[in-house]
Amino acid sequence: MRKRWRGAWLLLLALETFGFQEGDPEEPTGLMCYQMGPSRGMNCTWPSRTGPEANTTYTLHYQSLKFKRNQTRSSQAPVGQSWVVIGRSSLTHNENYAVWVEAGDGTQITPRLTLTPHEIVKPDPPVLSLVDVTPVVTVTWTNPQWPQHFSLDLACHLRYRVSGTPNWTRVHEEDVEPNIYEFSSLEPFTAYEVQARCIPGDRKGFWSDWSPSQTFQTPEAAPLGLVDVWRVASPPEFGEPSLLLLWKPLNSEAARGVIRSYSLAFRNGGNSSVSLEAGCCNVSLPSRTTHVWISANNHVGRTQPANLSLERQDLLAPAGVRAAAVHGQDLLVTWEPSKDPLEGEPMEYLVEWAEECSSSKAASLDWVRRPAGTHSALLTGDFRPRVPYQVRVYGLYPGGFGASAPVRAYTQEGVPSAGPQGLQDHSISKEASIISWEAIPLAQRNGHITHYTLYLATPTESPQTYQPNVACLSSVQIKACHDLHNTSQGLAPCSQAVSVPHCCPPHPSFHPGVKQTFPSLARRLLDLCQKVLPSWCWEKVPDATHSRITLHEVDRDPHSYRGPLAQDAAEEEPPITELDIAEPAEHVNHGYSTLPQLESPVPARPHGAGADDGPGSKPRTEELGPSSPTLEEAWGEQAPVISGYEKHFMPTLEEVLGLA
């Protein structure tokens, strides 16, 4: 234990002697001296103190050890300065010195350093110059501050790099001749910078600082690679369609100079070809062009011609194209491979994308190529959020190409900025209507439409909402009144409310969330008219849902019979919750078969009842089983007798849509 305490005491004494303070990692740790050239003074530097003692004064002591023993001289630095220069006249050639530094309080802050001035020489940086840059770059350098009569020559290092890059390349020392070097493996038409440093030939001393950079540019060379060329169908101009040829400029590594023009040759349906010169980077060609060749030219030469075949555009295309957002910035496109029976596998795939809402497809068009055998591509263009992009994948064959169906993609989606417009009611009967609307403009969707939300209000119940899982619908068949809006990553603004006057008898008008306000006097007047006037005055002929004549109605008291439209005031109307959704027809025929089928209020007739079912019967999706009730079982003794009256007066399409 006593030895341990003794060791700790000695350590604390050493720290106090050399001026180190607890918790201060910035204390000085070393002293360095070098002679500034063979005929100039000696520069000594040391780490300075920090904190409260930062403005202390330092004194450099140097003592002769060979010729003038025990002779000590000093040089004091200004306050806060941690270096001094000792003149050449104060030093003796081939003398050995001990050097150390003390603080203003007399504390030695560096250990003693033993040195000989002529062995610590540090040359000045060399001065570089260019001799020639064609056909190779030759660099020379000199050191004006190094005496010509000095016994030692200088050994130098050389390094270079492409301008603007962080990494340097060191030239092997054995490849460097005295004061000259020729670069023979540099990239054409590239800016470089070169630096040099030197040390005395005996390697005793210090390397000089790196010289200031000497910059130069290598000469041009013939361009390499192929021009990346593609095409886009151009809208007709002056009555004739044309083909817009697009290509990408060569990058600097492939251009190897200034691209001055592009040489094009194309074949327009015949065997002869037409040549022309064009700038960058598009040109209009005849729409019947079948083959295109293009090369890039600089001052030295040109690239090999790139070939684009447009002879056939109906070859087998990739299928199953999908585009998904990656990190909200890029698009990952995948597809299934294609193989044409005659052409075989594609030489490569081309993935094309453009802003779907852009007024000029060519202005926003971009593409990437992928080799045969790959089935995906990561698109890293300058995509904008909430903007729809149209993506296609092409299989390129020697004789043409095949284009996939386009897919729509977003890198980032948002809430639609508008709701559906043009909400309209097309009456089908007194109980049903078809509500149609216009799709939200593509520029305002801000993402994929997932579904439409219908707001449905009834006179006796609070508003209800329905969310059909179909986003491509533009109309629905309802049996109540509703409002409509769209959702995609959130709720869009609602469309304007529309009244459906014939969806809820006796003809009230509704607004979402508003109760029925139809006066009771109108019902009484309607009942009175039905009692006094004959049925052909107030009954619509034909009426597919209310024109049935049954035997049990004839047996009733004629004074109590008020017709099929009359209802008892005390009778409670059942809630209306039925919602039929129908896909919009692509082609409208002039026949009744294209109209939506309405569900008849009469129970379905048993299987095998005949093909003469009324127009109000609901289409069957599956056959009923043997246990299904018959018409007599369902109605009992008062089974209705269908007269067939409706079969001869089917409404036309114009009557159903209210256009007649």
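Residues: numbered from 1 along the sequence shown.
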What's the spacing between [X] [atom1] and [Y] [atom2] if we round to 0.5 Å?
X: Trp230; Y: Leu308; atom1: CH2; atom2: CG; result: 6.5 Å
X: Ile86; Y: Met36; atom1: CD1; atom2: CE; result: 10.0 Å
X: Ser295; Y: Arg302; atom1: OG; atom2: CZ; result: 5.5 Å
X: Ser75; Y: Leu60; atom1: OG; atom2: CG; result: 6.0 Å
X: Leu115; Y: Glu95; atom1: CG; atom2: CD; result: 10.0 Å
X: Thr116; Y: Tyr97; atom1: OG1; atom2: OH; result: 9.5 Å

Does [X] reach the main-chain N or O of [Y] with its side chain, forming a donor-acceptor pair under 3.5 Å?
X: Ser82; Y: Thr45; value: no
X: Thr218; Y: Thr190; value: yes
X: Thr110; Y: Val101; value: yes
X: Ser404; Y: Val393; value: yes
X: Asn298; Y: Ala221; value: yes
X: Glu348; Y: Arg369; value: no
X: Glu336; Y: Pro318; value: no
X: Asn143; Y: Asp124; value: yes
X: Asn96; Y: Ser64; value: no

Can you tell me if [X] has over 12 outside heavy atoms packed within less than 6.0 Å of its [atom1]?
X: Asp105; atom1: CG; answer: yes
X: Glu119; atom1: CD; answer: yes
X: Glu177; atom1: CD; answer: no
X: Lys204; atom1: NZ; answer: no
X: His299; atom1: NE2; answer: no

Just so I know, are the side chains of [X] and [Y] near enough to count as touching, which here means a heavy-atom distance under 4.5 Å?
X: Trp46; Y: Tyr58; answer: yes
X: Ile294; Y: Ser263; answer: no
X: Leu130; Y: Val139; answer: yes
X: Glu355; Y: Lys361; answer: no
X: Thr303; Y: Leu226; answer: no
X: Trp247; Y: Leu264; answer: yes
X: Val283; Y: Leu285; answer: yes
X: Val321; Y: Thr334; answer: no

Which heavy atom of [X] sits nearest to which heavy atom of [Y], and what is that distance?
X: Ser213; Y: Trp168; result: OG-CH2, 4.1 Å
X: Pro117; Y: Gln35; result: O-OE1, 2.7 Å
X: Tyr192; Y: Glu187; result: OH-N, 3.0 Å
X: Cys33; Y: Leu113; result: N-CD2, 4.3 Å
X: Arg203; Y: Ala155; result: NH2-CB, 3.7 Å
X: Phe183; Y: Val136; result: O-CB, 3.5 Å

Any chance the side chains of [X] and [Y] put a donor and an acceptor closer than 3.5 Å?
X: Ser74; Y: His61; result: yes
X: Asn446; Y: Arg386; result: no
X: Thr380; Y: Asp330; result: no
X: Asn167; Y: Thr165; result: no

Review point. Where does the angle between the aromatic ring planes of Trp293 and His291 fall among parallel (under 30°), tilted (30 to 60°) and perpendicular (over 60°)?
Key: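 Judged by the thresholds at 30° and 60°, the geometry between Trp293 and His291 is parallel.
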Check your understanding: Hey, what's the ring geometry for Tyr389 with Phe383, parallel, tilted or perpendicular (30° and 60° as the breaks)?
Key ->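 Perpendicular: the ring planes of Tyr389 and Phe383 meet at over 60°.
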Practice item. Check the pair Leu246, Val229 against side chain to side chain contact (heavy atoms under 4.5 Å, CB included), reporting the backbone distance first and the verdict last. Key: CA-CA 6 Å; Leu246 304 174; Val229 59; over 6 Å; no
Review point. Between Tyr394, Trp335, Trp367, Phe401, which is the residue that forms a ring pair (Phe, Tyr, Trp, His ring centres under 6.0 Å) with Tyr349?
Key: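 Between Tyr349 and the candidates, ring pair (Phe, Tyr, Trp, His ring centres under 6.0 Å) is satisfied uniquely by Trp335.
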**Study point:** From Arg197, Gln195, Lys122, residue fulfilling side-chain hydrogen bond (donor to acceptor under 3.5 Å, both in side chains) relative to Asp209
**Key:**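 Exactly one pass, corresponding to Lys122.
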Practice item. Using the side-chain hydrogen bond (donor to acceptor under 3.5 Å, both in side chains) rule, take Asn297 and Ser261 through it: C-alpha gap first, then chi angles, then the decisive distance, then the call. Key: CA-CA 5 Å; Asn297 310 318; Ser261 64; 3.2 Å; yes
Review point. What do the steps show when you test Glu193 against Arg161 for salt bridge (charged side-chain N to carboxylate O under 4.0 Å, His left out), and what is the final call?
Key: CA-CA 6 Å; Glu193 53 182 316; Arg161 68 179 178 181; 3.0 Å; yes
Check your understanding: Are Glu413 and His448 close enough, and set up right, to give a side chain to side chain contact (heavy atoms under 4.5 Å, CB included), and what steps lead you there?
Key -> CA-CA 8 Å; Glu413 299 189 44; His448 295 287; 3.2 Å; yes
**Study point:** Test side chain to side chain contact (heavy atoms under 4.5 Å, CB included) applied to Ile109 and Glu102, step by step
**Key:** CA-CA 6 Å; Ile109 63 172; Glu102 293 181 357; over 6 Å; no
Practice item. Compute both the distance and the angle, then confirm whether Arg392 meets the cation-pi test with Trp353: under 6.0 Å from the six-membered ring centre, within 45 degrees of the axis. Key: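 No cation-pi geometry.
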Check your understanding: Are the aromatic ring centres of His157 and Trp207 under 6.0 angstrom apart?
Key ->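 Yes.
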**Study point:** Stepwise side-chain hydrogen bond (donor to acceptor under 3.5 Å, both in side chains) test for Ser242 and Ser284
**Key:** CA-CA 6 Å; Ser242 62; Ser284 293; 4.5 Å; no
Check your understanding: Is a salt bridge present between Arg170 and Asp175, judged by a nitrogen-to-oxygen distance below 4.0 Å?
Key ->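 No.
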Point to revise | side chain to side chain contact (heavy atoms under 4.5 Å, CB included) between Arg260 and Glu277, intermediate numbers included | key: CA-CA 10 Å; Arg260 304 179 183 274; Glu277 295 289 323; over 6 Å; no
